[in-house]
2 protein chains.
Amino acid sequence: MHVDTTLERASGVALWRQIEQHLVSDMEAKRLTPGMRLPSESELAERFGVNRHTVRQAIAALEDKGMFLVRQGLGTFVHEHVLDYSVGRRTRFNENLARLQIEGQSELLASAIEAAPTQTARALGIRAGQPVVRILALRSANGRPVSLGTHVFSAKRFPGIAERFAALGSVTRALEAEGVADYVRKHTRIFASMPDAEEALHLRQPRNRPILVTESVNVDRTGVPIEFGIARFAADRVQLVLDPP
Amino acid sequence: MHVDTTLERASGVALWRQIEQHLVSDMEAKRLTPGMRLPSESELAERFGVNRHTVRQAIAALEDKGMFLVRQGLGTFVHEHVLDYSVGRRTRFNENLARLQIEGQSELLASAIEAAPTQTARALGIRAGQPVVRILALRSANGRPVSLGTHVFSAKRFPGIAERFAALGSVTRALEAEGVADYVRKHTRIFASMPDAEEALHLRQPRNRPILVTESVNVDRTGVPIEFGIARFAADRVQLVLDPP
DNA sequence: GGGTATTTGTTCGTATGTATT
DNA sequence: TAATACATACGAACAAATACC
């Protein structure tokens, strides 16, 4: 992994700072990538030809800067990039990522027209059994899956919403095309659970890691519900940040 | 499980409604408790002496009312009581439960004075290494653990906060006693993870079920940070509801 | 469930060079 | 120059957490 592990002794730069710089270089050169486990402290000490304490000091400095994650009994890991996903009155996937200067992608996995189950109907303010359009979409950032979203709309009001979404890759723009200039969140519920096989597959995460789930209702300017959404986030890669409070 | 499974035929009451009533009685009598798996549809059908479709109709009715959770390939489960925990600008544990007409309890598990780690210091707006008071508290509702909370305060500003909390059982009242008339949330971050041994023990939940974690900063009227808090919720028993949106 | 190997966490002690007083 | 404080570096031993069989 390390191309060159020679340190300069008596150079005026502390050995542990040289090791720190080494590790930073490894990350910049992608020899160390997020989630990767570092060699053990003992092994690093041997490679660098220093005492284990000296390696520990370098690692501690980088942990303090949030670049490493050290776990007793397990090892030291390069910190995964966690995405701060902002949740508030105006939650928009693409705007959210744009703010972080990340390009987001939306992929339509499936869509169907079906009869509204009770809970969904209540959220949308329609009668149970009325036809609804259900969209399943995978959201990615930098090629990594971020969330698996289910979006449900009244099929009467938005019969062509699935095609709009497929073409535009955005709920906001699909709704715009259907004449909804703006919408806001009326309700958000957050919980956590373990993913089923399909969710784990789409989110590319192990089944024994949790997912964060949000259920939300968006309403138009007049307060009429237009979308009921369920978003499943890979909890290891995404944190929700509430704004403004 | 079922004490009596005889149904009255040609009684004017549909068989599936009688079965539905049977199941409700079982829940009221605690023969069926939250999280418990029902016998399979076939087995129930045999016990009641009806066709499986008849049992399905009764289960579907109760699922629609949110009392059962039916999962294909797994079985039917009595829905766990989930607590809707409201999160917003003014999040207060006791007020939250009072709104649901539940009496909450707070138990001080531990408190200590220690040097502030970098992240904590940043949240509280003090220098790393400054002394802080750390409180570990278990929150319960109806005798069931709801959340395990860590609260960190500046030891300079609130030297006696741990004793106040121990006596009053509430962060809000402890802060009141220290002269903080009001406080609001400035920041909330939500994520999910798996519990460690201690967390699972306190929350009385298995280690393979996830926990919901919120990190928050509360500020006083002048905007000065006064508390950094971490709350760990048993995800199977608590959902977070954002208010107003 | 118990035992073992691995890995990090912690605490001793010792020594040396550098900057400050 | 001498005394002192501090950062750096090494060595050894044990504790605690975790994974694996």
Side-chain angles (χ1 to χ4, degrees), chain A residues 1-2 4-27 31-80 82 194-195 200 205-210 235-237, chain B residues 109-121 127-132 134 136 138 148 150 152 191-211 213 230 232 234-235:
Chain A
M1 172 187 323
H2 299 272
D4 178 17
T5 57
T6 53
L7 305 179
E8 291 182 29
R9 304 184 92 97
S11 69
V13 179
L15 290 179
W16 71 265
R17 289 196 187 277
Q18 295 184 48
I19 295 171
E20 183 186 6
Q21 192 48 53
H22 240 288
L23 295 173
V24 169
S25 304
D26 283 347
M27 289 181 60
R31 287 188 293 270
L32 288 174
T33 56
M36 186 181 287
R37 183 175 162 281
L38 269 72
S40 73
E41 293 173 352
S42 310
E43 193 178 336
L44 284 175
E46 196 176 357
R47 286 199 206 174
F48 284 111
V50 298
N51 188 274
R52 186 170 150 239
H53 284 299
T54 311
V55 170
R56 280 179 65 78
Q57 201 159 358
I59 289 176
L62 289 170
E63 187 195 17
D64 206 57
K65 291 175 184 166
M67 307 181 75
F68 287 166
L69 197 69
V70 184
R71 294 229 273 151
Q72 186 175 164
L74 274 180
T76 301
F77 301 83
V78 181
H79 201 289
E80 301 259 10
V82 294
M194 306 309 286
Q205 74 163 51
R207 295 258 337 238
N208 61 357
R209 300 299 305 165
D236 287 333
R237 295 197 286 271
Chain B
L109 296 178
S111 73
I113 296 184
E114 57 187 44
T118 314
Q119 188 199 14
T120 305
R127 283 190 301 280
Q130 293 281 90
V132 291
R134 174 186 297 269
L136 186 67
L138 182 67
L148 185 63
T150 298
V152 186
F191 52 99
S193 71
M194 306 309 287
D196 64 26
E198 191 189 356
E199 290 164 343
L201 185 69
H202 285 306
L203 291 172
R204 271 192 260 150
Q205 73 162 52
R207 292 228 23 203
N208 61 355
R209 300 299 305 164
I211 57 175
V213 186
I230 301 173
R232 282 144 287 193

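A note on names: the letters A, B, ... follow the listed sequences, proteins ahead of strands, and every chain is numbered from 1. Both backbone and side-chain heavy atoms feed into the values below; hydrogens, waters and symmetry mates do not.
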Rounded to whole Å, the CZ-C1' distance (A:F77 to D:dA19) equals 11 Å
Output for pair (A:N51 CG, A:R56 CZ), nearest 0.5 Å, gives 10.5 Å
Value for CD1 (A:I19) from CG (A:L44), rounded to nearest 0.5 Å, stands at 8.0 Å
*asked:* Testing the 3.5 Å rule here: is there a donor-acceptor pair between the side chains of A:S25 and A:R31?
replied: no
Rounded to the nearest 0.5 Å, the OG1 atom of B:T150 sits from the CG atom of B:L136 at a distance of 5.0 Å
- Item | Side-chain donor or acceptor of A:R71 paired with backbone N/O of A:F77 under 3.5 Å | no
A:L44 CG to D:dC10 C1', in whole Å, measures 17 Å
**Report entry** B:E114 atom CD, over 12 foreign heavy atoms within 6.0 Å
**Finding:** yes
In whole angstroms, the gap separating C1' of D:dC10 from CZ of A:F48 amounts to 17 Å
Reading nucleotides 5-20 of chain C from 5' to 3' and marking B where a protein heavy atom lies under 4.0 Å of the base, S where only the sugar-phosphate is that close, and - otherwise, the string is --BBBBB---------
Under 4.0 Å between a side-chain N/O of A:Q57 and OP1 or OP2 of D:dA9, yes or no? no
